[in-house]
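Comments concern the structure below.
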Amino acid sequence: MSSEINCIALIGKQNNPLYIKNFSKTHPDLKYHYIAHTSIDVIEERVANGPKNLELYLGLLYAMEDLAVYGFMTNTRVKFVVVVSVTDGIIRDADMKAIFRKVHSAYLTQICNPFYNLDSQKSLSSKAFVRAIDAIGNEANARTSLDI
């Protein structure tokens, strides 16, 4: 992938933020909370107006300023949002799908924990989950710096 991941966000089925990780050193955390919140509307609209056999990967949701926002929704209506910086390079859907598969795998590992309450409104704070998301973002960003 030729663009850097700036944020990975997980949004619960009641549209509550479960986890938001800022990988950017130039944008504040509040900006990514806003982006995650506004992406909910785009995801809901796309799900309502889209085909009934909805694919989990929603693709590019929207672009704003120097950022592109991509979406993914699980069968249980948990939404994943990845924000990448827009550069001159091309962001392939295959690369984004691979990132979402890794995030989904980390999320599945978290919810398979028998002590995790699926209906909780609390954010995800497991150390293993945080490490997994950090590894996904840092790995993708390390590959980006190698591509340049």
Side-chain angles (χ1 to χ4, degrees), residues 1-27 29 31-113 116 118 120 123-148:
M1 191 167 87
S2 61
S3 292
E4 185 174 300
I5 293 178
N6 286 13
C7 174
I8 297 175
L10 281 76
I11 302 159
K13 57 186 167 187
Q14 287 99 17
N15 294 333
N16 56 310
L18 295 176
Y19 184 77
I20 298 177
K21 172 63 178 178
N22 180 358
F23 293 98
S24 172
K25 292 162 185 57
T26 58
H27 296 297
D29 289 347
K31 179 172 186 145
Y32 295 112
H33 282 269
Y34 170 75
I35 290 172
H37 184 72
T38 57
S39 65
I40 293 170
D41 295 334
V42 177
I43 291 171
E44 294 293 330
E45 180 181 326
R46 206 170 276 185
V47 169
N49 296 335
K52 296 304 175 204
N53 59 348
L54 182 68
E55 184 180 335
L56 297 176
Y57 175 68
L58 301 171
L60 178 67
L61 299 177
Y62 63 94
M64 63 179 276
E65 298 170 11
D66 60 339
L67 303 172
V69 181
Y70 288 84
F72 180 95
M73 188 167 71
T74 68
N75 292 335
T76 57
R77 304 191 61 82
V78 174
K79 299 150 199 81
F80 302 159
V81 175
V82 173
V83 182
V84 296
S85 60
V86 177
T87 60
D88 293 335
I90 297 171
I91 302 171
R92 298 182 323 187
D93 276 346
D95 292 337
M96 290 308 298
K97 285 180 182 180
I99 290 169
F100 279 118
R101 273 194 298 274
K102 290 176 184 177
V103 173
H104 193 221
S105 177
Y107 175 71
L108 288 176
T109 301
Q110 170 65 29
I111 64 171
C112 286
N113 180 345
Y116 177 73
L118 270 175
S120 173
S123 62
L124 297 169
S125 59
S126 161
K127 290 179 185 177
F129 178 77
V130 171
R131 277 194 308 266
I133 295 297
D134 284 345
I136 293 166
N138 292 333
E139 176 188 337
N141 291 344
R143 277 189 276 129
T144 299
S145 63
L146 294 175
D147 290 343
I148 296 175

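At a cut-off of 3.5 Å, with distance as the only test, no side-chain donor of Tyr107 or Thr74 sits close to an acceptor on the other residue.
Shown here for Arg92 and Asp95, the closest heavy-atom pair between the two residues is NH2-OD1, 2.9 Å. Nearest heavy-atom pair across Tyr57 and Lys97 is CD2-CE, 3.4 Å. For the pair Ser39 and Ile11, the tightest heavy-atom approach, listed with the atom from each and the gap, is OG-CD1, 4.2 Å. Nearest heavy atom pair, residue Ile35 against residue Tyr62, reads O-OH, 3.2 Å. Here the closest heavy-atom approach between residue Phe23 and residue Gly137 is recorded as CZ-CA, 3.6 Å. Between Gln110 and Ser126, the shortest heavy-atom distance links the atoms OE1-CB, 2.9 Å.
Separation of atoms CG (Asp29) and CD1 (Ile20) is listed at 8.5 Å; rounding is to 0.5 Å. Between atom NZ of residue Lys13 and atom OG1 of residue Thr76 there is a gap of 6.0 Å, rounded to the nearest 0.5 Å. If you take CD1 on Ile136 and CZ on Arg131, they are separated by 13.0 Å, rounding to the nearest 0.5 Å. Within the model, atoms CZ of Arg77 and CG of Asn15 stand 8.5 Å from one another, a figure rounded to the nearest 0.5 Å. For the atom pair Arg101 CZ and Leu56 CG, the distance stands at 11.0 Å (nearest 0.5 Å). The structure places OH of Tyr32 at 5.0 Å from CG of Leu67, a figure rounded to the nearest 0.5 Å.
When each of Asn6, Ile91, Asp66 is tested with Val84 by the rule side chain to side chain contact (heavy atoms under 4.5 Å, CB included), just one qualifies, namely Ile91. Between Val42 and the choices Leu61, Val81, Val69, the side chain to side chain contact (heavy atoms under 4.5 Å, CB included) rule is met once, by Leu61.
Between Thr38 and Met64, every side-chain heavy-atom pair lies at or beyond the 4.5 Å cut-off. A 4.5 Å side-chain heavy-atom check between Tyr19 and Ile8 finds every atom pair outside the cut-off.
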TODO: Check step by step if side-chain contact (heavy atoms from CB on, under 4.5 Å) holds for Ser85 and Thr26.
DONE: CA-CA 11 Å; Ser85 60; Thr26 58; over 6 Å; no

Evaluate Lys102 against Glu139 for side-chain contact (heavy atoms from CB on, under 4.5 Å), listing each step before the verdict. CA-CA 11 Å; Lys102 290 176 184 177; Glu139 176 188 337; 3.1 Å; yes

task: With side-chain contact (heavy atoms from CB on, under 4.5 Å) as the test, would you mind laying out the steps for Tyr70 and Leu60 before giving the verdict?
output: CA-CA 4 Å; Tyr70 288 84; Leu60 178 67; 3.9 Å; yes

### Query
Run the side-chain contact (heavy atoms from CB on, under 4.5 Å) check on Asn113 and Phe129 step by step: do they pass?
CA-CA 11 Å; Asn113 180 345; Phe129 178 77; over 6 Å; no

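At most 12 heavy atoms of other shown residues, nucleotides or ligands fall within 6.0 angstrom of atom OH in Tyr34. Within 6.0 Å of atom NE2 in His37, 12 or fewer heavy atoms from other residues, nucleotides or ligands are found, so the atom counts as exposed in its surroundings.
Without hydrogens or angle criteria, Asn141 side chain to Ile5 main chain gives a donor-acceptor distance under 3.5 Å. For Lys127 (side chain) and Ser125 (main-chain N/O), no donor-acceptor pair under 3.5 Å exists by modelled atom type. Using a distance-only test at 3.5 Å, with no hydrogens or angles considered, a donor-acceptor pair links the side chain of Asn22 to the main chain of His27.
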